[in-house]
Enquirer: 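Dumping the structure here so I can ask a few things about it.
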Amino acid sequence: MTDVKRTIHFGMLGAFSCGSTEEEKTGNSALLGKMGKKALSFLQYLIVNHRRHISSEELIEQFWADKGSNPYNALRNMLFKVRNLLKAMFPDQEAMLLTLSDCYAWNPEISLELDAEQMETFCLKAKRAAGEEQCRLLGQAVSLYKGDFLSGNDADWARNQRQYYQTLYLDACKTVLPLYYKKEQWMEAVNVCSQAYTVDFSIEDFTAYQMQALIALGQPEQAVEKYEAFRDKMLQEYDMPPTERIEQLHTLAVGLHKTGMDDEDIFRLVCEDEQDSHAFFCTFSTFQSIVALERRHMARSGQPSSLVIISLGREAVPTTDGRRLEKILLDKLRTGDPIARLEAGSYILMLTGADTENARLVISRIDSAFHRTYRNSGAKLTYRVAGLGGKES
């Protein structure tokens, strides 16, 4: 019968910790607090390199390269200090750190478990996985990141490792967020974005996906607050405004935060009065998300909404007449009515709160405005209307 190795957990991401149980971690934290900065860094270096033998020359080069006195004596004193600390933290474990032939190694009867290495393993496995398994592995990797690698250690070797694990973490976040978005796991997306934003706020994905998730959760006011914080920080740090992608999400959030449309809004929409607001022009993928959200709202409110596909016809000049139609759509529809380009000369839009009859009145108004404004255009507008979730007409 073989003895089972003892496994000791070391937390390297965020606050440095030693121990496999909360009780051990708490007790060991007090002991670590009494260590000098250099001794603590020395211990951490040994832990990070626990899979190999470490020579005396390497340790001296790392910790006493600038000392003219006896570095070997300083190394012996440091090892004595660290071994005493390990004995105090793990009194039931004998000879944790071994001296071999001019090198040092951890006792092979002990298994060291590092959260940083666990995160790295999950990330590497996720690259070879797909679908649910990839999402699961990336979620586990991201959850392990409690802060920067050995954040209190400013030694060169620690800074290099810190950059590596931070990049690994940020890449994992950027990869898992589209997966959460596709699965509509909004709370998971919000949690990932909140943490990742504190590591590198300038990565646009973290603000964009968080705003999208908050909108999908029915919290557009929080999405607006997120936008304002991001905008202020970008202007302060880089003197740059948010990109169009973020601005479009902000426009959507503001529109959803306003009071819903009633019959009077529909009447104003189909009458000839000029509108002060502009519609919301977005990418097709964003349009799909807005439609999905509107379906949820419809299930609760019971109000109708319609989709319209409008095309310029074969006689149109796609570039010129396309710009003209976009201008008419932006001017004549309401703030928050989303529009997306399908192809050259073809657009899809959603009329929130409008049934198919009212939608046809709106398009008739668009058609009249287009030909009244651009009398020489050869475009002949055609359209199809469908109730959201209903039949085409």
Side-chain angles (χ1 to χ4, degrees), residues 3 5-20 24-25 28-121 123-124 144-145 147-169:
D3 294 332
K5 284 185 179 182
R6 174 170 181 188
T7 299
I8 299 176
H9 182 84
F10 291 91
M12 318 298 282
L13 299 173
F16 177 59
S17 64
C18 301
S20 303
E24 272 189 340
K25 290 177 184 178
N28 291 340
S29 178
L31 293 171
L32 291 170
K34 299 176 182 178
M35 292 282 287
K37 188 175 182 179
K38 188 169 187 175
L40 187 60
S41 180
F42 186 90
L43 171 63
Q44 291 168 343
Y45 188 86
L46 294 174
I47 293 169
V48 169
N49 296 283
H50 69 98
R51 297 183 185 278
R52 63 185 182 85
H53 294 177
I54 308 171
S55 69
S56 301
E57 287 76 11
E58 178 182 340
L59 291 170
I60 289 171
E61 179 65 26
Q62 283 289 347
F63 293 94
W64 292 279
D66 299 333
K67 300 295 182 181
S69 57
N70 188 344
Y72 288 94
N73 187 53
L75 174 60
R76 284 192 294 270
N77 290 336
M78 182 66 77
L79 287 165
F80 178 79
K81 186 175 184 178
V82 167
R83 283 186 170 121
N84 283 340
L85 172 65
L86 291 171
K87 184 63 178 177
M89 290 196 296
F90 308 104
D92 59 335
Q93 190 65 53
E94 295 292 334
M96 295 182 67
L97 196 60
L98 304 179
T99 300
L100 305 177
S101 177
D102 200 31
C103 65
Y104 307 93
W106 289 90
N107 191 325
E109 298 303 316
I110 303 169
S111 176
L112 274 63
E113 183 180 77
L114 279 59
D115 57 357
E117 291 180 347
Q118 289 177 314
M119 186 185 80
E120 181 182 39
T121 298
C123 288
L124 293 175
L144 286 170
Y145 198 86
D148 286 340
F149 179 86
L150 297 179
S151 56
N153 191 330
D154 59 0
D156 288 342
W157 70 266
R159 285 198 294 268
N160 293 336
Q161 293 273 338
R162 186 173 305 132
Q163 184 60 50
Y164 169 73
Y165 285 111
Q166 186 181 102
T167 301
L168 197 66
Y169 165 72

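Since we're looking at a predicted model, the values are computed, not measured.
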Enquirer: Do Thr167 and Gln163 have side-chain atoms, one donor and one acceptor, less than 3.5 Å apart?
Expert: yes
Enquirer: Should Ile54 and Cys103 count as side-chain neighbours, where that means a heavy-atom distance under 4.5 Å?
Expert: no
Enquirer: Is there a side-chain contact between Asn49 and Arg52 (heavy atoms, below 4.5 Å)?
Expert: yes
Enquirer: Can you see whether His50 engages Glu117 through a side-chain donor-acceptor pair at a distance of less than 3.5 angstrom?
Expert: yes
Enquirer: Are any non-hydrogen side-chain atoms of Gln161 and Leu150 less than 4.5 angstrom apart?
Expert: no
Enquirer: Can you confirm whether Gln44 sits close enough to Asn153 that some side-chain heavy atom of one is under 4.5 Å from a side-chain heavy atom of the other?
Expert: yes
Enquirer: Should the pair Phe63 and Tyr45 be assigned to parallel (<30°), tilted (30 to 60°) or perpendicular (>60°) ring geometry?
Expert: perpendicular
Enquirer: My understanding is that only residues two or more places apart in sequence, or in another chain, count here; which of them pass salt bridge (Lys or Arg N to Asp or Glu O under 4.0 Å) with Asp156?
Expert: Arg159
Enquirer: Does any non-hydrogen side-chain atom of Tyr104 lie less than 4.5 Å from one of Ser56?
Expert: yes
Enquirer: Evaluate the side-chain contact (heavy atoms from CB on, under 4.5 Å) criterion for residues Cys18 and Phe90: first the C-alpha distance (whole Å), next the side-chain angles of each, then the deciding distance (0.1 Å), finally the verdict.
Expert: CA-CA 10 Å; Cys18 301; Phe90 308 104; 4.2 Å; yes
Enquirer: Phe42 versus Leu75: any side-chain heavy-atom pair under 4.5 Å?
Expert: yes
Enquirer: Not counting sequence neighbours, which residues clear ring-ring contact (aromatic ring centres under 6.0 Å, His included) with Tyr165? List them please.
Expert: Phe149
Enquirer: To the nearest 0.5 Å, tell me how far Asn70 CG sits from Trp64 CH2.
Expert: 11.0 Å
Enquirer: Evaluate whether atom CD of Gln93 has more than 12 neighbouring non-hydrogen atoms of other residues, nucleotides or ligands under 6.0 angstrom away.
Expert: yes
Enquirer: For the residue pair Leu13 and Tyr169, establish whether any side-chain heavy-atom pair is separated by less than 4.5 Å.
Expert: no
Enquirer: What pairs of residues pass the side-chain hydrogen bond (donor to acceptor under 3.5 Å, both in side chains) test when at least one of them lies in residues 28-37, not counting sequence neighbours?
Expert: Lys37-Asp154
Enquirer: Could you pull out the closest heavy-atom pair between Ala116 and Met12, with the gap in Å?
Expert: CB-CB, 4.3 Å
Enquirer: Would you say Ser17's side chain and Lys25's backbone share a donor-acceptor pair under 3.5 angstrom?
Expert: no
Enquirer: Go through the structure and list residues passing side chain to side chain donor-acceptor pair (under 3.5 Å) with Asn84, not counting sequence neighbours.
Expert: none
Enquirer: If you measure from CZ on Phe10 to CG on Leu114, what distance do you get to the nearest 0.5 Å?
Expert: 7.5 Å
Enquirer: Who pairs with Glu24 by salt bridge (Lys or Arg N to Asp or Glu O under 4.0 Å), at least two apart in sequence or on another chain?
Expert: Arg6
Enquirer: Has Asn107 got a side-chain atom pairing as donor or acceptor with Ala95's backbone, closer than 3.5 angstrom?
Expert: yes
Enquirer: Answer yes or no: is there a donor N or O on one side and an acceptor on the other, between the side chain of Thr7 and the main chain of Ile110, under 3.5 Å?
Expert: no
Enquirer: How many angstroms lie between CG in Leu144 and CG in Asp115, if you round to the nearest 0.5 Å?
Expert: 6.5 Å
Enquirer: Can you confirm whether Pro108 sits close enough to Leu98 that some side-chain heavy atom of one is under 4.5 Å from a side-chain heavy atom of the other?
Expert: yes
Enquirer: Got a sec, which pairs hit salt bridge (charged side-chain N to carboxylate O under 4.0 Å, His left out) with one end in residues 74-88, sequence neighbours left out?
Expert: Lys87-Glu94
Enquirer: To the closest 0.5 Å, what do you measure between CH2 (Trp157) and CD (Gln62)?
Expert: 8.0 Å
